[in-house]
Amino acid sequence: MTHTESQSRPTIRQTVSTLAGFQKTSKGAPAYSRFVNRPLGRVLAAIAYRLGLTPNQVTLISGVCSGAGIVALLVLGLSWPGAVVVTLLLVLGYALDSADGQLARLRGGGSPAGEWLDHVVDCVKISTLHLTVLVAFYRSPDLMGSTVGEGWLLLPMAFTVVANLYFFAYILGDLIRRTKGVRPAPKAGASVLRSLIVVPTDYGLLCVMFLLLGLPFAFATGYGLLLLGNLGYVALGLPKWFRDMSRLAH
């Protein structure tokens, strides 16, 4: 991008203001995504627009940041240095994951290739993060030497399954609806209360949970509570999602 092209672009502040009109509905969004990640992603999208980056480039940068955070978790394990580095990289990766979609809408809409890339990066991120937690638990003398012992390993194993099931059910449901030409029904209420109720399902909250890496038992307990929240949400949601899909046949 030339100096003249850079000068002709709106400022970051102007772009952030413009992006406010290109936001997805906040209905049903968990609290962290709604109140922290989307605003942060808006700023990053404005910076990316100013730099002339494409949505796909932002997606790849997001994947690199998340991947670096996962590698840091593998190397640093359950430690205070890990808590700082892993959390910062995962939070940044998640914010950029929001920024790519906002940038795409600002530029006139996304592309099938961009949507595919975004989902592939998300799938890899979700799987490898929980599998790396499994390795970190196994390497923790505090956890493995406790009364529960190797029982702690069941948490990331279960979280890997639950997180991928939720992701797959959501993505496939959206694809089937669009194939049938059906727009998803608006979710009831956009209240702060509902955002707080569904917050255990928020990937952003999981990212913040890594701040507790220096306290192995506190992190493992919080991680387990998030697993229960996700498991409960998916268990309640699957019958409803199946009924929604069944209605599309009529």
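For clarity, every value in this text was computed on a predicted model and none was experimentally measured.
At least one side-chain heavy atom of Val86 sits less than 4.5 Å from a side-chain heavy atom of Leu213. Under the 4.5 Å side-chain criterion, counting only non-hydrogen atoms from C-beta, Val91 is not in contact with Cys65. Side-chain contact check for Leu143 versus Phe217: some heavy-atom pair is nearer than 4.5 Å. When side chains are defined from C-beta on, Val133 counts as touching Phe219, because their heavy atoms get closer than 4.5 Å. In this structure, Leu44 and Leu92 have side chains that are in contact, with non-hydrogen atoms separated by less than 4.5 Å. The shortest distance between side-chain heavy atoms of Cys123 and Phe167 falls below 4.5 Å. The closest side-chain heavy-atom distance from Trp152 to Leu155 is below 4.5 Å. Side-chain atoms of Leu40 and Ser98, non-hydrogen and from C-beta on, never get closer than 4.5 Å to each other.
For Ser140, the side chain to side chain donor-acceptor pair (under 3.5 Å) criterion is met by no residue, not counting sequence neighbours.
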Query - Residues Leu129, Leu73; criterion side-chain contact (heavy atoms from CB on, under 4.5 Å); working and verdict - result: CA-CA 9 Å; Leu129 177 59; Leu73 174 61; 4.2 Å; yes
Query - Test side-chain contact (heavy atoms from CB on, under 4.5 Å) applied to Asp100 and Ser62, step by step - result: CA-CA 9 Å; Asp100 60 3; Ser62 169; 5.6 Å; no
Report task. Walk me through it: do Met144 and Arg139 pass the test side-chain contact (heavy atoms from CB on, under 4.5 Å)? Result -> CA-CA 8 Å; Met144 293 301 99; Arg139 288 177 173 177; over 6 Å; no
Report task. Quick one: do Leu172 and Met245 satisfy side-chain contact (heavy atoms from CB on, under 4.5 Å)? Show the steps, please. Result -> CA-CA 10 Å; Leu172 183 60; Met245 293 299 102; over 6 Å; no
Report task. Kindly indicate, with the supporting measurements, whether the criterion salt bridge (charged side-chain N to carboxylate O under 4.0 Å, His left out) is fulfilled by Lys125 and Asp122. Result -> CA-CA 5 Å; Lys125 173 180 67 181; Asp122 284 343; 3.3 Å; yes
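When the shell of 6.0 Å around CD of Gln57 is examined, it contains more than 12 heavy atoms from other residues, nucleotides or ligands.
Linking ILVMFWY side-chain heavy atoms closer than 4.5 Å, directly or via other members, places Tyr32 and Leu206 in a single hydrophobic cluster. In this structure, Leu88 is not a member of the same hydrophobic cluster as Leu96, with clusters built from ILVMFWY side-chain heavy atoms closer than 4.5 Å. Hydrophobic clustering (ILVMFWY, side-chain heavy atoms < 4.5 Å, transitive): Val84 and Tyr94 are in distinct clusters. At a threshold of 4.5 Å between side-chain heavy atoms, the hydrophobic network of Ile, Leu, Val, Met, Phe, Trp and Tyr places Ile70 and Leu76 in two separate groups. Residues Leu89 and Leu212 do not share a hydrophobic cluster, defined by chaining ILVMFWY side chains whose heavy atoms lie under 4.5 Å apart.
Side-chain contact of Tyr203 with Ser33: a donor-acceptor pair under 3.5 Å is absent, judged by distance alone.
Identified under the ring-ring contact (aromatic ring centres under 6.0 Å, His included) test for residues 115-134, with sequence neighbours left out: His130-Phe159, His130-Tyr223.
Of the possible polar contacts, one joining the Asn230 side chain to the Leu226 backbone as a donor-acceptor pair under 3.5 Å is found. In this structure, the side chain of Asn164 engages the main chain of Thr160 through a donor-acceptor pair within 3.5 Å.
Looking at every heavy atom in both residues, Arg38 comes nearest to Arg34 through CB-O, 4.2 Å.
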